[in-house]
Amino acid sequence: MTESDREKARRRLLRRDERNPLLRAQDWPYFVNTVFNAGATRMPSGETLLLVRVEDCSGQSHLTAARSADGVTGWTVDPEPTLAPDGDQHDQERWGIEDPRIVWVPELCKYAVTYTGYGPAGPGVSLALTEDFRSFERIGVVMPPEDKDAALLPERIDGRWAMIHRPVSVVGAHIWMSFSPDLKHWGDHTLVLRARRGPWWDAHKIGLSPPLIPCDEGWLMMYHGVKPTVAGAIYRVGLALLDRKNPTRCLLRSHRWMFGPETDYERTGDVADVVFPCGYTLGEDGDTLHLYYGAADTCIALATGSVREMLAWLKEVGIPADRTEG
Ligand code: BMA
């Protein structure tokens, strides 16, 4: 493959839906500032459900469900917040809840929703379980501040639950994995992928995008990289492959980003130059990936691709993670 063929392949990996943006504040049944960063799942009825981060006009966020038969058009939005912050009972939610990731857990017959609980101590990770996105069982704070961008793995690894997440320290914001016997007590914290340094697209700060995608080759991880510039940060998305049996082991990591802000709705909004996927659904073929992402922290858009093609690209351009730390 020549350099320009590779470039074309990269551009084709995710195709933006021509009806983007799919959901905007003006589509909401009540008055809000912005709607973005939505978790996604396909319900047993076949409907696509998005659990949308909604920022109200106080600047704080809550989560509201939007449902559509085809995942693109005809959205029905809950008339009021579906999961509202409960700051009185949970101090960690006093300033709102943000950026949900949804994972169906067959063993529990429930969906696990991980989200950022924002409180005076900073942003941390909370977990709730639901069967229907109408009532929720709050498990509580599972990763204390500062921590974000978390998703449960859908199955136990060697008998324990596993969660991927992104704590922040003074030396950087890297991706970690932790383990639990009961979803409440977490330990064996292990570094999975480091942010690079210097001018890289994923220097200084990285984080999980949607939940991990299980495949024969391992767990495909889409992750966001944040490049600080004098004009502000640019949020882009790249790929990594984690070992299926031991997902703390990163096998490959993309050298370049796969998806970044290009269109007007991604480049202009409350926060310019942000694409921030938190959810995907898979087509009937088990390969077609519908990626839902927040654009410029203002609206929700969809891009479609193929898991198989992404894996092929990663095998072609990826490098072992331990050689990419910059
Ligand atoms: C991150 C998160 C996201 C947001 C992004 C860009 O830190 O807070 O919710 O989309 O910044 O503002």
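Just follow the structure's listing: the first ligand is 1, and inside any ligand the first atom is 1.
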**Study point:** Polar side chain donor-acceptor pair, His189 to Ser178, under 3.5 angstrom
**Key:** yes
Point to revise | Those protein residues which place at least one heavy atom below 4.0 Å from ligand 1 | key: Asn37, Arg53, Asp99, Lys148, Tyr235, Val271, Val274, Phe276, Asp297
Residues 65-72 side chain polar contacts: donor-acceptor under 3.5 Å, at least two apart:
| from | atom 1 | to | atom 2 | distance (Å) |
| --- | --- | --- | --- | --- |
| Arg67 | NH1 | Asp78 | OD1 | 3.0 |
| Ser68 | OG | Asp70 | N | 3.3 |
| Ser68 | OG | Asp70 | OD1 | 3.1 |
| Ser68 | OG | Gly71 | N | 2.8 |
| Ser68 | OG | Val72 | N | 3.4 |
| Ser68 | OG | Thr73 | O | 2.7 |
| Asp70 | OD1 | Val72 | N | 2.8 |
| Asp70 | OD1 | Thr73 | N | 2.7 |
| Asp70 | OD1 | Thr73 | OG1 | 3.2 |
| Asp70 | OD2 | Thr73 | OG1 | 2.7 |

Review point. So, do Tyr115 and His90 have ring centers that fall under 6.0 Å from each other?
Key: no
**Study point:** All pairs passing salt bridge (charged side-chain N to carboxylate O under 4.0 Å, His left out) where residues 35-57 contributes a residue, at least two apart
**Key:** Arg53-Glu98, Arg53-Asp99
Practice item. Using the test salt bridge (Lys or Arg N to Asp or Glu O under 4.0 Å), find all partners of Glu155 that sit at least two apart in sequence or belong to another chain. Key: Arg244
Practice item. Output, in order, the C-alpha distance, side-chain angles, deciding distance and verdict of side-chain contact (heavy atoms from CB on, under 4.5 Å) for Val142 and Lys184. Key: CA-CA 6 Å; Val142 287; Lys184 220 172 156 48; over 6 Å; no
